[in-house]
Number of protein chains: 2
Amino acid sequence: MANRSDVAKWAGVSEATVSRVFSGGAVKEATKRKVLAAAEKLDYLPNAVAQNFAKGRSGHIGIILPYLPKVRLFSVDYFSELLSGLGEAVREEGYDLLLLLRSPEEQDYSELFRARKVDALVILGAKDTPEQKSTLDALKKEGLPFCLIDQQFTGSGFNEIIADNTAGGYMATQHLIARGYRSIAFLGGPATYSNARDRLRGYKLAMEEAGLPIRDQDLLQGNFSRKSGYEAALKLIRQGLPDAVFAANDRMGVGLIQGFKESGRLAGRDIAVIGFDNTDASKMCDPALSTVDVPYFEMGKVAAKRLLQQIFSGDRLPFHERLPVQLVVRHSCARAGEGIILG
Amino acid sequence: MANRSDVAKWAGVSEATVSRVFSGGAVKEATKRKVLAAAEKLDYLPNAVAQNFAKGRSGHIGIILPYLPKVRLFSVDYFSELLSGLGEAVREEGYDLLLLLRSPEEQDYSELFRARKVDALVILGAKDTPEQKSTLDALKKEGLPFCLIDQQFTGSGFNEIIADNTAGGYMATQHLIARGYRSIAFLGGPATYSNARDRLRGYKLAMEEAGLPIRDQDLLQGNFSRKSGYEAALKLIRQGLPDAVFAANDRMGVGLIQGFKESGRLAGRDIAVIGFDNTDASKMCDPALSTVDVPYFEMGKVAAKRLLQQIFSGDRLPFHERLPVQLVVRHSCARAGEGIILG
DNA sequence: GTGAAAGCGCTAACAA
DNA sequence: TTGTTAGCGCTTTCAC
């Protein structure tokens, strides 16, 4: 494998010109062709490490991912679509994605910038806790660009790309109301996740708008796990079934369906259930779970684009984008004998 | 943020000594303490890009991931566990993971090495096709270290970390046989994946060993998708149900269960079903799907360790490790009224 | 155990 | 448009 000076010699130009060709500098068309031909022949590609080093950057967008134990927060679509979205956006700008697995104790993200491992950070699975908040506040104070995905720290001024969880919660609940259900329970997720809070808010909005009461027993607390959904089902059975339950995520929705079924109650017949996320599981369970689809691909793409913009421009104007979600109707929220529209 | 010469001045040593402290060179304990104190005070960390540049390496292990459309090949556990395993192993050696999303057309992996973006490659989701094979052959010929995960190219001499799919197929089938089933169908995956082929082989081994016949109609061809499982169920119903079906992955297993159910046949009562992978979906569906658990975390860890070893030592002795899998018994393969052991 | 200095392969600024 | 050259912040080698 040749180096740049070989190429320069071969093409009969200076090394600087070779560089210009590969980094989009101003070069005569003929020169460019000569250089590219030489590079092709000699099997030359610029050394990305040297390029980044000379440019004083890393060329990486870091992705903070919670390290094991099992990242039950995410669905496979979440991963593959979000990463694909991020990947597409960064590639267009010659950046790469650096995967950074971090346990909750390892929160010194600023270290990643100081060591020049990353030029910006996309943080997944962040919790709204005081520790997390102060970590991020420190990053922000230092002017280090980072972005949260589907997690809001209200009033923080952090960069955030979120799904319109409130609208999703509203749509889901409204759909149940439109089907004629009146007593509708809500199974929430941990309040440390803003999406859990927003989905609850959407639920409340729809209920209020419809003039439907929310009794204390209608508000159930889960932790986004299937198990907590299962247990919520048992609790609901003990206290008397509502017409419907809206679970703040699919995992709990599936748990609900399983819990109900074990006691002979069938979702989609005896009780309506709707989830959130449109994960694989929502199609796999029986009956198929109605849910709300979240545009992860798009969210990743936007997040990366905006971060790169901050890197290039040097500005740190906080961005905060909210992307629309979509209701997906399946059998779990049908009533007995009712014709339904499948999404 | 300070640089190395600041630290050197502050600690009263040469810059070379500062470097030695941070890269584990020979330094007196007292000197080391002085330097670390200075670095701490001045908030200094070595520039990783410069380090890698000077060392003539990238410091990255690349992970090739199939780019959208939806990576239905993988489960969420596959991702999170495999990546965690890889991440753990590389961190111990100061390496990082570079995520590389590539569509099937973008197969010029050697470019990644020439541009010094990676020092080694872990390739996920590779298919055993002539094109893929020749791409990888070229890499191997150039002495570029890469490793395949759960995919074998027989006789290629590629580095491969695989699950013992044959044993898994054997165990699953044997379990069905032990329960007294005699007519056992197999729903296979694409033959371009060696794990699909090996799972079939395990099935055949167990059937032969038990002296059970494999009729033509017992061998069904799927494509690892839920839909293909669903369609296989319909086909089986048309041609007359066997006692049991072993699906080469969970996704198809779930599809089978759904297909059977829609025609009033209940898995775990009217027919036994078993899958492979121990994905989330296997717990979510109804009845819960028996399956075979694959040690992805461990596979990732081993793959990374072995690759790093090749990088450091410079040797290219091919490695080829096969990790054990485990049967997970759930309701889908029980017979009516039969007590089962849950895994 | 420590210091001095060359060099890694680029970019960027300046000169031509 | 092109060539020249001084860095970028490390590692490495060679003295001491």
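Proteins get letters first, then strands, A, B, ... in listed order; numbering begins at 1 in each.
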For nucleotides 8-10 of chain C, list the nitrogen or oxygen atoms of the protein found under 3.5 Å from its nitrogen or oxygen atoms, one pair per line.
from, atom 1, to, atom 2, distance (Å)
dC10(C), OP1, Tyr44(A), OH, 2.7
dC10(C), OP1, Asn47(A), N, 3.2
dC10(C), OP2, Arg4(A), NE, 3.4

Please state how far atom CG in Asn52(B) lies from atom P in dT12(D), giving the value in whole angstrom units. 11 Å
Between Leu100(A) and Leu121(A), is the side chain to side chain contact (heavy atoms under 4.5 Å, CB included) condition met? List the steps. CA-CA 10 Å; Leu100(A) 300 157; Leu121(A) 232 36; 4.0 Å; yes
Close side-chain approach of Ile162(B) to His320(B), heavy-atom, < 4.5 Å: yes
Taking atom P of dT11(C) as reference, at what distance in whole Å does atom CZ of Arg57(A) sit? 10 Å
Working note: Leu307(A) + Val90(A), criterion side chain to side chain contact (heavy atoms under 4.5 Å, CB included); need CA distance, chi angles, decisive distance, verdict. CA-CA 9 Å; Leu307(A) 278 180; Val90(A) 302; over 6 Å; no
Would you list the pairs meeting side-chain hydrogen bond (donor to acceptor under 3.5 Å, both in side chains) in which at least one residue belongs to residues 28-41 of chain B, sequence neighbours left out? none
I'd like to know if Lys133(B) pairs up with Asp137(B) as an ion pair, taking the criterion as any Lys NZ or Arg NE/NH1/NH2 lying under 4.0 Å from an Asp or Glu carboxylate oxygen. yes
Side chains of Glu106(B) and Ser103(B): do they bring a donor and an acceptor to under 3.5 Å? yes
Counting side-chain heavy atoms from C-beta on, which of dT1(D), dG1(C), dA5(C) comes nearest to Thr31(A)? dT1(D)
Within residues 91-99 of chain B, the residues having a heavy atom closer than 4.0 Å to DNA chain C are none
Walk me through whether Val21(A) and Val18(A) qualify under side chain to side chain contact (heavy atoms under 4.5 Å, CB included). CA-CA 5 Å; Val21(A) 169; Val18(A) 176; 5.7 Å; no
Picking from dA4(C), dT4(D), dT1(D), which would you name as closest to the side chain of Ser14(A)? dT4(D)
Residues two or more places apart in sequence or in another chain: which of them pass ring-ring contact (aromatic ring centres under 6.0 Å, His included) with Phe319(A)? none
Student check: side-chain heavy atoms of His60(A) and Tyr95(A) closer than 4.5 Å: no
Could you tell me, to 10°, how much the axis swings from one end of the helix from dG1(C)-dC16(D) to dA16(C)-dT1(D) to the other, five pairs per end? 30°
Here the distance between atom P of dT2(C) and atom NZ of Lys32(B), to the nearest Å, is 12 Å
Can you pull the ring-ring contact (aromatic ring centres under 6.0 Å, His included) pairs that have at least one residue in residues 138-157 of chain A, sequence neighbours excluded? Phe146(A)-Phe158(A), Phe153(A)-Phe158(A)
For a quick check of understanding: with a heavy-atom distance under 4.0 Å over all strands, which category does Val13(A) fall into, base, sugar-phosphate or nothing? sugar-phosphate
Could you please spell out the steps behind the side chain to side chain contact (heavy atoms under 4.5 Å, CB included) verdict for Asp108(B) and Arg114(B)? CA-CA 11 Å; Asp108(B) 191 2; Arg114(B) 282 185 291 140; 3.7 Å; yes
Phe22(B) atom CZ is separated from dT12(D) atom P, nearest whole Å, by 17 Å
